[in-house]
Amino acid sequence: MERIVIQGGTPLQGKIRISGAKNAALPIMAASLLCHGRCSLSNVPALRDVNTMVVLLRDLGVVIGQPEPGRLELDASEARGHRASYDLVRTMRASVLVLGPLIARFGRAEVSLPGGCAIGARPINIHLMGLEKLGATISIENGYACAEASVLKGAKITLDFPTVTGTMNIMMAASLAKGSSVIENAACEPEVGELASALNLMGARIYGAGSDRIEIHGVESLSGMSYEIMPDRIETGTFLVAGAITGGDITVQGCRPEHLDAVINKLREAGAEIFIRDHDIRIRRLGELHAVDVKTGVYPAFATDMQAQFMALMTIARGSSVITETVFENRFMHVAELLRMGADILVEGNNAVVRGVEQLSGAPLMATDLRASASLILAGLAAQGETTVSRIYHIDRGYEKIEKKLQDLGAKIRREKEPEKNTVQTV
């Protein structure tokens with residue numbers, strides 16, 4: 001096991017380049033199952049979740065090569081597998097994204113019910129409902145979602161909730177269905193639009209992705225393509241908070257500012273100065289932070305994946321802020337760890353009241369999920385003294401070499417092996 005050790009109190013300075021988006025790379029990798037031919041992907045981040053998807057796709061018969069760092073070649077021409085095992089899916093919820101492609105390409109799929117971060121119930125019933133509307137027969141057997149269909153047919157599907165992975169799964173399946181499909185109340189996240197763009201390069205006919213109404217006109221088959229993965233908007237937001245929380249001056253390069261309007265607006269309200277030029281965002285903070293209320297929601301609202309990081313920022317802001325979580329019911333697990341650092345936070349249902357303190361103190365901390373890991377590192381950067389963050393395998397799922405990037409900005413941070421624990425013997 002490894003941990004991250006931080007000596008806080010250093011304002012970050014310099015420039016950092018953003019990696020490819022995990023939440024765009026994973027569905028596009030899964031989409032390779034739909035086509036005959038080679039899919040070449042660039043700007044693929046080196047993450048634990050990407051490695052898990054590689055193993056899963058290989059298990060299904062996809063031939064995958066990595067000619068150079070950040071690039072993957074995927075060829076599913078000879079793929080024949082249809083079962084995504086529990087051992088793989090339990091570690092990463094995005095594994096469920098193979099369900100739609102498998103049923104569309106092979107007429108059969110068995111996918112273990114997914115795992116991932118323990119941030120609340122995220123059932124896949126919406127995915128299954130959509131596939132049923134397309135003509136699949138669905139059953140749950142021994143912890144697996146089993147789907148069969150001799151042919152998928154276009155349908156109108158209205159989602160109960162604009163789930164991102166649900167929208168993606170249904171969109172991928174519908175791309176090979178006979179006839180036309182419409183997804184109403186679809187997720188509008190940029191990653192949905194990216195998947196649609198990749199599918200269209202394969203020969204799909206998808207219109208309206210990025211809005212709440214998506215039209216898909218099924219085609220007979222899809223072929224290979226080349227695609228560059230978009231920059232990660234959550235990593236971008238995390239580094240912007242890092243600049244603000246340390247009172248630094250950093251430039252985040254190679255990002256898409258238009259994907260971060262809600263985060264940028266809240267950072268400006270909190271007292272940060274932000275300058276945008278093309279694909280670069282510069283953030284600096286010269287004065288004190290001000291408390292700002294935040295309410296998470298589906299895109300384009302403030303992203304739930306940025307809630308923990310912004311809460312870390314608010315712990316040292318002047319005044320009181322209320323952070324309301326509307327997406328996941330169990331996404332305040334980082335609060336207990338922030339309290340260990342001297343933060344003043346009171347959780348009431350889906351609201352967290354954060355009263356800013358003058359200074360956080362370094363402490364030994366334990367990460368509970370991916371974004372909580374990031375929030376604890378951010379708090380450690382601002383704290384007085386040493387902070388250690390254990391269970392950092394969570395952060396390796398979604399951030400590429402985060403300690404190296406922070407070091408390049410001047411942070412005193414390192415990764416090391418956890419010391420062996422002493423065992424207490426009883427007589």
Side-chain angles (χ1 to χ4, degrees), residues 1-5 17-32 41-60 62 64-66 68-74 84-98 111-119 122 164-165 168 191 229-239 304-306 308-309 331 333-334 365-378 388-407 413-418:
M1 298 287 285
E2 294 181 319
R3 66 180 185 178
I4 282 179
V5 182
R17 182 159 292 276
I18 294 302
S19 299
K22 176 192 81 149
N23 291 336
L26 297 177
I28 294 173
M29 291 171 67
S32 69
L41 305 181
S42 58
N43 200 33
V44 180
L47 302 172
R48 182 185 293 267
D49 277 8
V50 169
N51 292 337
T52 299
M53 183 62 81
V54 166
V55 174
L56 173 57
L57 293 175
R58 282 177 172 159
D59 194 52
L60 294 170
V62 182
I64 302 178
Q66 186 175 23
E68 59 188 48
R71 184 177 163 196
L72 290 177
E73 305 279 353
L74 305 96
S85 70
Y86 168 76
D87 287 340
L88 291 172
V89 179
R90 69 182 176 87
T91 64
M92 182 182 71
R93 178 177 174 77
S95 301
V96 77
L97 286 165
V98 301
V111 178
S112 174
L113 299 177
C117 287
I119 57 175
R122 294 186 285 178
V164 174
T165 52
M168 290 173 166
E191 294 80 8
I229 303 300
M230 65 180 279
D232 195 309
R233 62 191 173 99
I234 304 303
E235 184 191 26
T236 302
T238 300
F239 275 96
T304 181
D305 279 355
M306 281 300 303
Q309 299 92 307
R331 206 161 200 180
M333 291 190 292
H334 47 281
L365 308 174
M366 190 167 295
T368 54
D369 62 72
L370 170 55
R371 305 307 172 184
S373 304
S375 75
L376 301 183
I377 289 174
L378 293 173
T388 61
V389 182
S390 299
R391 291 185 179 175
I392 59 170
Y393 55 83
H394 287 295
I395 205 160
D396 291 336
R397 292 184 49 230
Y399 292 89
E400 183 176 22
K401 300 177 181 177
I402 188 170
E403 75 281 1
K404 174 63 168 60
K405 290 185 176 183
L406 288 169
Q407 286 170 1
I413 181 173
R414 69 181 186 274
R415 179 184 294 246
E416 65 179 26
K417 287 187 176 181
E418 290 267 17

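Since the model is a prediction, treat every value here as computed from it, not as a measurement. Residues: numbered from 1 along the sequence shown.
- Rounded to the nearest 0.5 Å, atoms CZ (Arg58) and CG (Leu56) are 12.0 Å apart.
- No more than 12 heavy atoms of other residues, nucleotides or ligands shown are found within 6.0 angstrom of CZ on Arg391.
- The residues Asp305 and Lys22 are annotated as not salt-bridged, no charged nitrogen and carboxylate oxygen being separated by less than 4.0 angstrom.
- Looking only at distances, a side-chain donor or acceptor of Gln407 sits under 3.5 Å from a matching main-chain atom of Ile413.
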Q: Please step through side chain to side chain contact (heavy atoms under 4.5 Å, CB included) for the pair Ile402 and Ile392, ending with a clear verdict.
A: CA-CA 11 Å; Ile402 188 170; Ile392 59 170; over 6 Å; no
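- To the nearest 0.5 angstrom, Glu235 atom CD is 11.5 Å from Arg17 atom CZ.
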Q) Given the rule in the side chain to side chain donor-acceptor pair (under 3.5 Å) test, do Arg48 and Tyr399 qualify, once you have shown the distances and angles that lead to the verdict? A) CA-CA 9 Å; Arg48 182 185 293 267; Tyr399 292 89; over 6 Å; no
Q: Take Val50 and Val44 through the side chain to side chain contact (heavy atoms under 4.5 Å, CB included) test and state the conclusion after the steps.
A: CA-CA 8 Å; Val50 169; Val44 180; 3.8 Å; yes
(Q) Is there a side chain to side chain contact (heavy atoms under 4.5 Å, CB included) between Glu416 and Thr388? Walk through the geometry before answering. (A) CA-CA 10 Å; Glu416 65 179 26; Thr388 61; 5.7 Å; no
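- For Asp232 (side chain) and Ser19 (main-chain N/O), no donor-acceptor pair under 3.5 Å exists by modelled atom type.
- Counting heavy atoms from C-beta on, the side chains of Met1 and Ser390 never come closer than 4.5 Å.
- Of the possible polar contacts, none joining the Arg397 side chain to the Leu370 backbone as a donor-acceptor pair under 3.5 Å is found.
- With a 4.5 Å cut-off on side-chain heavy atoms, Phe239 and Leu406 count as touching.
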Q: Begin with the C-alpha distance, continue with both residues' side-chain angles, and end with the deciding distance and a verdict on side chain to side chain contact (heavy atoms under 4.5 Å, CB included) for His334 and Arg371.
A: CA-CA 9 Å; His334 47 281; Arg371 305 307 172 184; over 6 Å; no
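- With a 4.5 Å cut-off on side-chain heavy atoms, Val54 and Leu72 count as touching.
- The shortest non-hydrogen separation linking Leu74 to Ser32 is CD2-OG, 3.8 Å.
- What you find for Ala84 and Leu60 is that their closest heavy atoms are N-CD2, 4.4 Å.
- The minimum heavy-atom distance between Leu97 and Leu26, with the atom names listed, is CD1-C, 4.4 Å.
- Taking both residues in full, the closest heavy atoms of Ile18 and Pro231 are given as CG2-CB, 4.0 Å, listed atom of the first, atom of the second, then distance.
- Side-chain contact between Asn23 and Arg233 is absent, with no heavy-atom pair separated by less than 4.5 Å.
- Residues Pro45 and Ala25 share a closest heavy-atom pair of CD-CB, 4.1 Å.
- For the atom pair CE (Met333) and CE (Met366), the distance works out to 13.0 Å, reported to the nearest 0.5 Å.
- Residues Ala24 and Met230 share a closest heavy-atom pair of CB-CG, 3.8 Å.
- No salt bridge links Glu403 with Arg414; every basic N to acidic carboxylate O contact stays at or beyond 4.0 Å.
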